Structures are given as structure tokens and as C-alpha cells.
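Remarks on the structure that follows.
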Amino acid sequence: MTSLEFTPDRILEVLIRHQVDFVVIGGLAALAHGSNLPTQDVDITPDRATSNLAQLSDALVELKAEVRFGDESVPFAYDAESLAGAGVWNLRTSFGELDISMVPSGTDGYVDLVRDAVPTSILGIVVPVASLADVIRSKQAANRPKDQRALPVLREILASRYPQR
């Protein structure tokens with residue numbers, strides 16, 4: 001599958017329409033908090049309840065999701081059980097890339113992240129976005145080069161919001 005232009009709002013719309021409980025994480029969450037660093041995918045952490053993963057599976061069917069391997073993608077059969085069987089899914093959809101992380105680095109997953117998530121409008125779609133502190137915590141724990149580049153910007157945003165007294 002060749003993904004079309006990256007349209008994160010369309011991915012989010014489908015997830016919402018299928019009543020998937022999730023938190024936006026990663027680069028899109030950082031953008032929602034004021035980062036100026038670009039992202040080319042939607043990263044989410046879903047609730048791992050079987051019923052929610054079944055709804056996520058239905059959303060993935062609508063999105064025509066395929067597993068992404070570099071520049072290639074391959075179709076796969078997914079259901080709640082198969083989605084629960086992997087910690088991370090890197091997918092290509094008809095609206096761009098979607099990464100699903102069941103337990104992002106430095107977190108305990110959905111229950112941990114939803115606690116401080118902030119309802120935020122992303123391109124007109126209101127979704128729960130991981131708190132800035134949680135985005136920083138996860139990126140720090142992941143410690144990938146792209147996360148290390150983002151951390152100074154995110155820490156500066158956090159410091160500007162909560163200056164020391």
C-alpha cells in the first residue's frame with residue numbers, strides 16, 4: 001500500500017468513530033503541546049481491554065492498515081487477540097502512518113497515561129493527549145536519537161509553563 005498524504009485528523013476521526021479509547025503520544029502529542037518539531041505519524045496507546053482492542057481492530061480495517069517494514073507494508077489479519085499479542089505495531093494506513101504502543105517506554109501504558117491526559121484539539125478533532133510531563137518521561141526513557149533531539153524543546157516548553165518561583 002502506498003499511503004496518501006499524511007492526514008492525522010482522518011486517522012483520529014476513524015478511531016473516535018469506532019469509540020476506541022486511546023491517548024495520543026509521541027511527536028503528535030509534542031506538537032499539541034507546542035513543539036515545532038515535525039512528525040510524520042500518529043502514535044497512540046490504546047486501552048488494552050479486549051472490547052477496546054476489538055473496536056481498534058474495526059478501525060484498522062476501515063483505515064486499511066498494513067504492517068510497515070521500512071518502505072514496504074504487508075497486509076495482516078488482526079483482531080483483539082492479535083493486537084494484544086504485540087507491544088508495538090508500526091502500521092501504514094490510507095491516511096498515513098500509525099504507530100500503536102501498548103506500553104510506551106517509561107510508562108505503565110494506557111491507565112498510567114490517561115490519568116493526566118489533556119483533551120486537546122488536533123486539526124479540529126478533540127482527543128486525549130498525554131501530558132507534557134508524560135511525553136518527556138517517555139521520550140527520556142526511550143532515549144532514541146530523535147527523542148534526544150526533542151527533549152530540550154519539550155523541557156523548555158515545560159519550564160516556560162511552570163517557571164520556578
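Small disclaimer: the values here were computed from a predicted structure and weren't measured.
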Query raised in the report: Going from OG1 on T50 to CG on L53, what distance comes out if it is rounded to the nearest 0.5 angstrom?
Result: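 That separation rounds to 6.5 Å.
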Requested in this report: Give the intermediate values and the outcome of side-chain contact (heavy atoms from CB on, under 4.5 Å) for residues L31 and L37.
Outcome: CA-CA 7 Å; L31 277 169; L37 299 173; 5.9 Å; no
Requested in this report: Measure across V135 and A29 and return the closest heavy-atom pair with its distance rounded to 0.1 Å.
Outcome: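 So the two residues come closest at CG2-CB, 3.7 Å.
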Query raised in the report: A59 and L15: which non-hydrogen atoms are nearest, and at how many Å?
Result: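 Heavy-atom minimum between the residues: CB-CD2, 4.0 Å.
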Just checking, any donor-acceptor pair under 3.5 angstrom between side chains of [X] and [Y]?
X	Y	result
Q55	R17	no
N143	Q148	yes
T39	D41	yes

Requested in this report: For R92 and E72, run side-chain contact (heavy atoms from CB on, under 4.5 Å): C-alpha distance rounded to whole Å, both residues' side-chain angles, the deciding distance at 0.1 Å, then the answer.
Outcome: CA-CA 9 Å; R92 182 164 289 126; E72 302 294 319; 5.6 Å; no
How about [X] and [Y]: do any of their side-chain heavy atoms sit closer than 4.5 Å?
X	Y	value
V127	I16	yes
L12	F22	yes
L98	L60	yes
E66	T93	no
H18	V14	yes
L28	I44	no
L154	L132	yes
P104	S138	yes

Does any N or O in the side chain of [X] come within less than 3.5 Å of the main-chain N or O of [Y], such that one atom is a donor and the other an acceptor?
X	Y	result
T45	S101	yes
W89	V67	no
N52	D21	yes
R137	G106	yes
T107	G109	yes

Query - Over 12 non-hydrogen atoms of neighbours within 6.0 angstrom of CD in E62 - result: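 Buried by this count: over 12 neighbours within 6.0 Å.
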Requested in this report: May I ask you to check whether over 12 heavy atoms, not counting those of R68, lie within 6.0 Å of atom CZ?
Outcome: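 More than 12 within 6.0 Å, yes.
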Query raised in the report: Please walk me through it: do L158 and I136 pass side-chain contact (heavy atoms from CB on, under 4.5 Å)?
Result: CA-CA 9 Å; L158 186 64; I136 291 170; 3.7 Å; yes
Query raised in the report: Checking salt bridge (charged side-chain N to carboxylate O under 4.0 Å, His left out) for the pair D134/K139: CA distance, chi angles, key distance, verdict?
Result: CA-CA 8 Å; D134 286 342; K139 286 190 172 294; over 6 Å; no
Requested in this report: Kindly determine whether V61 and Y78 satisfy side-chain contact (heavy atoms from CB on, under 4.5 Å), including the steps that lead there.
Outcome: CA-CA 9 Å; V61 169; Y78 36 83; 3.8 Å; yes
